[in-house]
*Asks:* 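The structure's right below; bear with me while I get my questions together.
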Amino acid sequence: MANVVVVGAQWGDEGKGKIVDLFTEHVSVVVRYQGGNNAGHTLVVDGETTVLHLIPSGILHRGKVCVIGNGVVVDPEVLCKEIEKLQSKGLLDDPDQLVLAEGAHVIMPWHKRIDILREGAMGAGKIGTTGRGIGPTYEDKVARRGVRVFDLIRPDRLRQAVEQGLPIANAEIVRLGGEPMEAEAILAAYAPAAETLSRYVRDAALFLSDRMREGASVLFEGAQGTLLDVDHGTYPFVTSSNTVAGNASVGTGVGPTCIDEVIGITKAYTTRVGEGPFPTELLDDVGQALRDKGGEYGATTGRPRRCGWLDAVVIRFAARVNGLAGLAFTKMDVLTGFEELKIAVAYELDGERIEEFPCDGDTLRRVKPIYETLPGWTEDITGCKRYEDLPLNAKRYIERIEELGRVQVMAVSVGPDRSETILRRNPFLAEKAG
């Protein structure tokens, strides 16, 4: 049985949730390995839309176990609301279907307040965070003063953590012009969530190891996208965690030799939420048309996404740093009706052609995309069930991306529903290497 990582190959919002949901049929366990509720994975099954922020996208399949790994930062109140919403739909009725890593770090109320105050103080230099407290939580984790799930579910440990951490946080809050917070109010607010979540808490790394030893297949679900990686993305306009596939091991406690394949997810065009450079961004009617046709508004924040042509330089970079074995193409149907389509095949910087992606945000602001133009198509592709059914120009577009990105397109999404996906290769049905 195969263990596969699904990772975003752009700036996030690529449709990872749909692909994870699609592949969950073939696995026993789905595990999220980084990020927090700053991610939103939208799933459409039989016309019903479900948006998830913390629980892995495989939760819509009965009998599958979903794991929130130690690399995730967890807002207890948000997670409880997500659990309650799923249970109201008749899902997650078995507590054993969800595992919450005891080593995952907890987003405390002061993290959210600091996040919002800092972003407001930055003015024109703001990063464009979601204000969910993700960054400050990871800061405390690295500073070794974080609060873990292990602490959350033990009242004495939680009190100790709050009494130690809050004075430091309040000093920062007051410095930024905010009102200090009270320990008792925080403890009272988090007590119900701690009681609810305690039934799901386990040693997630040991659980995954045991399941894989028994022969179970595991799907590792990433959040955000490659270019938001804190080490390899468009720094400083990045998220606070490692989004690349290599972090699937660190964020779950599973050794890298246990992972068989990495699949990247990309839209048939490019989007970005928040601040930062975006070489192929379209600030015209075409960009607005992509936004309107694609419903490009953030699942977490509702913010309109910035839209632009597909960037093959980005795809090549993502294929290299993640070790992609395949690419899943989403929202192909959105491109139907465009007379012509453009792909950035390289950049121009100071009069020179460059074909490798510059991670430095300031450098990326200065590049100009070099485009290749392909003819579009007008045929409705939402009913296509096989790759051969796609219009000729749609296939030419996909095949050109394969050439430029140096990676095979193994799945094509032709509509929002789970069933509207053409699967050219299933990594869980292929023979395992070795």
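Note that the structure is predicted; figures quoted are calculated from it, not measured.
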*Asks:* If a pair satisfies salt bridge (charged side-chain N to carboxylate O under 4.0 Å, His left out) and one of its residues is in residues 363-379, list it, with sequence neighbours excluded.
*Replies:*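 Pairs touching residues 363-379 that pass the test: Asp350-Arg366, Glu372-Arg400.
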
*Asks:* Who pairs with Glu281 by salt bridge (charged side-chain N to carboxylate O under 4.0 Å, His left out), at least two apart in sequence or on another chain?
*Replies:*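 Arg306.
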
*Asks:* Is there a donor-acceptor contact under 3.5 Å from the side chain of Ser217 to the main chain of Val27?
*Replies:*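 Between the backbone of Val27 and the side chain of Ser217 there is no qualifying donor-acceptor contact (under 3.5 Å).
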
*Asks:* Closer than 4.0 angstrom, basic N to acidic O: yes or no for Arg62 and Asp93?
*Replies:*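 Yes, this pair counts.
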
*Asks:* Is the backbone N or O of Val254 less than 3.5 Å from a side-chain atom of Ser249, with the two atoms forming a donor-acceptor pair by type?
*Replies:*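 At least one qualifying donor-acceptor pair exists.
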
*Asks:* Using side-chain hydrogen bond (donor to acceptor under 3.5 Å, both in side chains), reason through Asp292 and Gln288 one step at a time and then give a plain yes or no.
*Replies:* CA-CA 6 Å; Asp292 291 341; Gln288 187 60 48; 2.9 Å; yes

*Asks:* Assess the residue pair Ile422 and Met332 against the criterion (side-chain contact (heavy atoms from CB on, under 4.5 Å)); give the C-alpha distance rounded to whole Å, side-chain angles, the decisive distance to 0.1 Å, and a yes or no.
*Replies:* CA-CA 11 Å; Ile422 298 170; Met332 189 73 175; over 6 Å; no

*Asks:* Check whether Arg272 reaches the backbone of Glu275 with its side chain - one donor and one acceptor, N or O, closer than 3.5 Å.
*Replies:*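 The answer is yes, because a donor-acceptor pair under 3.5 Å joins these two groups.
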
*Asks:* Run the salt-bridge test on Asp75 and Lys112 with the 4.0 Å N-O cut-off and return the result as yes or no.
*Replies:*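 Lys112 and Asp75: salt-bridged.
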
*Asks:* Is a side-chain donor or acceptor of Ser241 paired with a backbone partner of Thr243 at a separation under 3.5 angstrom?
*Replies:*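 Side chain of Ser241 to backbone of Thr243: no pair is present.
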
*Asks:* If the threshold is 4.0 Å, N to carboxylate O, is there a salt bridge linking Arg305 and Asp13?
*Replies:*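 Between Asp13 and Arg305 there is a salt bridge, with a charged N closer than 4.0 Å to a carboxylate O.
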
*Asks:* Restricting to salt bridge (charged side-chain N to carboxylate O under 4.0 Å, His left out), what partner residues turn up for Arg396, sequence neighbours left out?
*Replies:*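 Arg396 satisfies salt bridge (charged side-chain N to carboxylate O under 4.0 Å, His left out) with no other residue.
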
*Asks:* Go through the structure and list residues passing side chain to side chain contact (heavy atoms under 4.5 Å, CB included) with Arg386, not counting sequence neighbours.
*Replies:*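 Glu388, Asp389.
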
*Asks:* How would you list, by chain and number, every residue that makes a salt bridge (charged side-chain N to carboxylate O under 4.0 Å, His left out) with Arg406, sequence neighbours excluded?
*Replies:*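 With neighbours one apart ignored, the set is empty.
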
*Asks:* Look only at the side chain of Ser28 and the backbone of Ala216, and say whether a donor-acceptor pair between them is shorter than 3.5 Å.
*Replies:*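 Judged by distance alone, no pair lies under 3.5 Å.
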
*Asks:* Does Glu221 reach the side chain of Val31, with side-chain heavy atoms less than 4.5 Å apart?
*Replies:*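 SC-SC contact between Glu221 and Val31 ruled out.
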
*Asks:* Going by side chain to side chain donor-acceptor pair (under 3.5 Å), name the residues that satisfy it together with Arg118, two or more places apart in sequence or in a different chain.
*Replies:*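 Listed in chain order: Glu139, Glu172.
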
*Asks:* State which residues pass side chain to side chain contact (heavy atoms under 4.5 Å, CB included) with Pro279; sequence neighbours excluded, sorted by chain then number.
*Replies:*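 Pro279: side chain to side chain contact (heavy atoms under 4.5 Å, CB included) contacts with Trp11, Asp311, Tyr347, Leu364, Val367.
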
*Asks:* Whether the Thr266 and Gln10 side chains hold a donor-acceptor pair (N or O, under 3.5 Å, no angle test) is what I'd like checked.
*Replies:*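 Checked: Thr266/Gln10 side chains pair up, N/O donor to acceptor below 3.5 Å.
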
*Asks:* Between Arg113 (side chain only) and Ile173 (backbone N and O only), is there a donor and an acceptor less than 3.5 Å apart?
*Replies:*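 No; zero donor-acceptor contacts below 3.5 Å.
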
*Asks:* Has the side chain of Asp229 got a donor or acceptor atom that lies under 3.5 Å from a matching backbone atom of Asp231?
*Replies:*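 Yes, Asp229 side chain to Asp231 backbone: donor-acceptor pair under 3.5 Å.
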
*Asks:* Under 3.5 Å, which donor-acceptor pairs link side chains of residues 94-108 to any protein atom two or more places apart or in another chain?
*Replies:*
unit_1, atom_1, unit_2, atom_2, d
Asp94, OD1, Asp96, N, 3.0
Gln97, NE2, His61, O, 3.2
Gln97, NE2, Lys64, O, 3.2

*Asks:* Any donor and acceptor pair, going by atom type alone, linking the side chain of Ser57 with main-chain N or O of Val20 inside 3.5 Å?
*Replies:*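 No.
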
*Asks:* Minimum heavy-atom separation for Thr226 to Gly8, with atom names?
*Replies:*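 Shortest heavy-atom contact: OG1-O, 2.6 Å.
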
*Asks:* Write out all pairs satisfying ring pair (Phe, Tyr, Trp, His ring centres under 6.0 Å) with one or both partners inside residues 324-344, taking only residues at least two apart or from two chains.
*Replies:*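 The answer is none; no pair qualifies.
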
*Asks:* Without swapping roles, check the side chain of Lys331 against the backbone of Tyr269 for a donor-acceptor pair under 3.5 Å.
*Replies:*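 Here the side-chain-to-backbone pair does not exist.
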
*Asks:* Sequence neighbours left out, what pairs pass ring pair (Phe, Tyr, Trp, His ring centres under 6.0 Å) with at least one residue falling in residues 377-408?
*Replies:*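 For residues 377-408: none.
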
*Asks:* Listing request: all salt bridge (charged side-chain N to carboxylate O under 4.0 Å, His left out) pairs with a residue in residues 316-330, at least two apart in sequence or in separate chains.
*Replies:*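 Applying salt bridge (charged side-chain N to carboxylate O under 4.0 Å, His left out) to every pair that reaches into residues 316-330, excluding sequence neighbours, yields Arg320-Glu356.
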
*Asks:* Between Arg291 and Glu296, is the closest basic N to carboxylate O distance under 4.0 Å?
*Replies:*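 Judged by the 4.0 Å cut-off on N to carboxylate O distance, Glu296 and Arg291 do not form a salt bridge.
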
*Asks:* Sort and list the pairs that fulfil salt bridge (charged side-chain N to carboxylate O under 4.0 Å, His left out) and have at least one residue in residues 335-344, not counting sequence neighbours.
*Replies:*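 Sorted pair list comes back empty.
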
*Asks:* Donor-acceptor pair, distance only, cut-off 3.5 Å: does the side chain of Asp21 make one with the backbone of Gly17?
*Replies:*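 No; zero donor-acceptor contacts below 3.5 Å.
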
